[in-house]
Amino acid sequence: MAHGKTSYVCLPCRASYKQPYPGYHEHDRVCPRCAEPLIHVGSAFAAPKRRDTAAWRTLSVLLHAGVRFHKGCCGGPGYRPRTLSEVRERMAYARATGEPFAQALVRRDLP
């Protein structure tokens, strides 16, 4: 049986790579294009098109906040904002309520 793969991204190159899960003694992954470290985003990740700069900016905000795309109990990673306006709404909500930013970003509906 083949081992599963997971996704890694390079934000400067706007590229996504499927690679085997990190092992116990493995080194950090680097981008084959620019040699910068890759970010492990999870197995339920679907990369935006390279020319879609707004989607990559949204993804950058999510990743820098610590949000990843790992499969949950129901088969998917759950809600993730897709546009910068959704990110801004959740940022404003987090500031107003004091909720952690990463938690506000994965909230499906804002009260």
Side-chain angles (χ1 to χ4, degrees):
M1 184 168 132
H3 294 292
K5 292 192 174 189
T6 186
S7 294
Y8 290 82
V9 296
C10 177
L11 292 175
C13 294
R14 289 186 284 194
S16 172
Y17 303 98
K18 288 273 191 183
Q19 296 186 359
Y21 277 93
Y24 184 71
H25 294 291
E26 282 198 37
H27 56 80
D28 290 334
R29 312 283 169 104
V30 294
C31 178
R33 299 172 118 195
C34 68
E36 291 290 318
L38 293 174
I39 301 170
H40 182 216
V41 292
S43 59
F45 176 71
K49 301 241 184 250
R50 185 171 283 136
R51 67 181 174 271
D52 190 354
T53 56
W56 279 96
R57 286 164 89 202
T58 302
L59 178 63
S60 176
V61 171
L62 290 171
L63 294 177
H64 283 67
V67 177
R68 297 297 187 262
F69 297 82
H70 298 289
K71 291 181 181 176
C73 65
C74 300
Y79 174 79
R80 301 293 186 264
R82 291 187 161 273
T83 64
L84 288 172
S85 63
E86 290 176 346
V87 169
R88 282 189 211 105
E89 288 173 1
R90 281 153 179 74
M91 285 173 65
Y93 174 78
R95 281 191 205 107
T97 62
E99 183 174 7
F101 186 51
Q103 190 174 353
L105 281 173
V106 298
R107 204 179 247 287
R108 181 172 294 281
D109 297 316
L110 295 177

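Across every non-hydrogen atom of Arg29 and Tyr21, the tightest pair is NH2-O, 3.7 Å. Across Thr58 and Pro81, no two heavy atoms sit closer than the pair CG2-O, 3.6 Å.
Here ring-ring contact (aromatic ring centres under 6.0 Å, His included) pairs that include residues 46-68, with residues two or more places apart or in two chains, number zero.
For CZ of Arg57, the number of neighbouring non-hydrogen atoms (other residues, nucleotides, ligands) closer than 6.0 Å is 12 at most.
In this structure, the separation between NE2 on His70 and OG on Ser43 is 7.5 Å, given to the nearest 0.5 Å. Rounding to the nearest 0.5 Å places NZ of Lys18 at 3.5 Å from OG of Ser7. Atom CZ of Arg68 sits about 9.5 Å away from atom CG of Leu62, to the nearest 0.5 Å. How far CD of Glu36 is from SG of Cys13: 8.0 Å, rounded to the nearest 0.5 Å. Separation of atoms CD1 (Ile39) and CG (Asp28) is listed at 11.5 Å; rounding is to 0.5 Å.
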Would you list the atom pairs, donor with acceptor, under 3.5 Å between side chains in residues 102-111 and any protein atom, with sequence neighbours excluded?
residue, atom, partner, partner atom, Å
Arg107, NE, Glu99, OE1, 3.2
Arg107, NE, Glu99, OE2, 3.4
Arg107, NH2, Glu99, OE2, 3.4

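Taking Val61 as the reference, Val87, Phe101 meet the side-chain contact (heavy atoms from CB on, under 4.5 Å) condition, with sequence neighbours excluded. Scored by the ring-ring contact (aromatic ring centres under 6.0 Å, His included) test, Phe45 finds Phe69 as partners (sequence neighbours excluded). For the ring-ring contact (aromatic ring centres under 6.0 Å, His included) test, residues two or more places apart in sequence or in another chain that qualify with Tyr8 are His40. Checked against side-chain hydrogen bond (donor to acceptor under 3.5 Å, both in side chains), Thr83 has the following partners two or more places apart in sequence or in another chain: Ser85.
In this structure, Leu38 is not a member of the same hydrophobic cluster as Leu11, with clusters built from ILVMFWY side-chain heavy atoms closer than 4.5 Å.
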Test Thr53 against Arg14 for side-chain contact (heavy atoms from CB on, under 4.5 Å), laying out the working first.
CA-CA 9 Å; Thr53 56; Arg14 289 186 284 194; 2.5 Å; yes

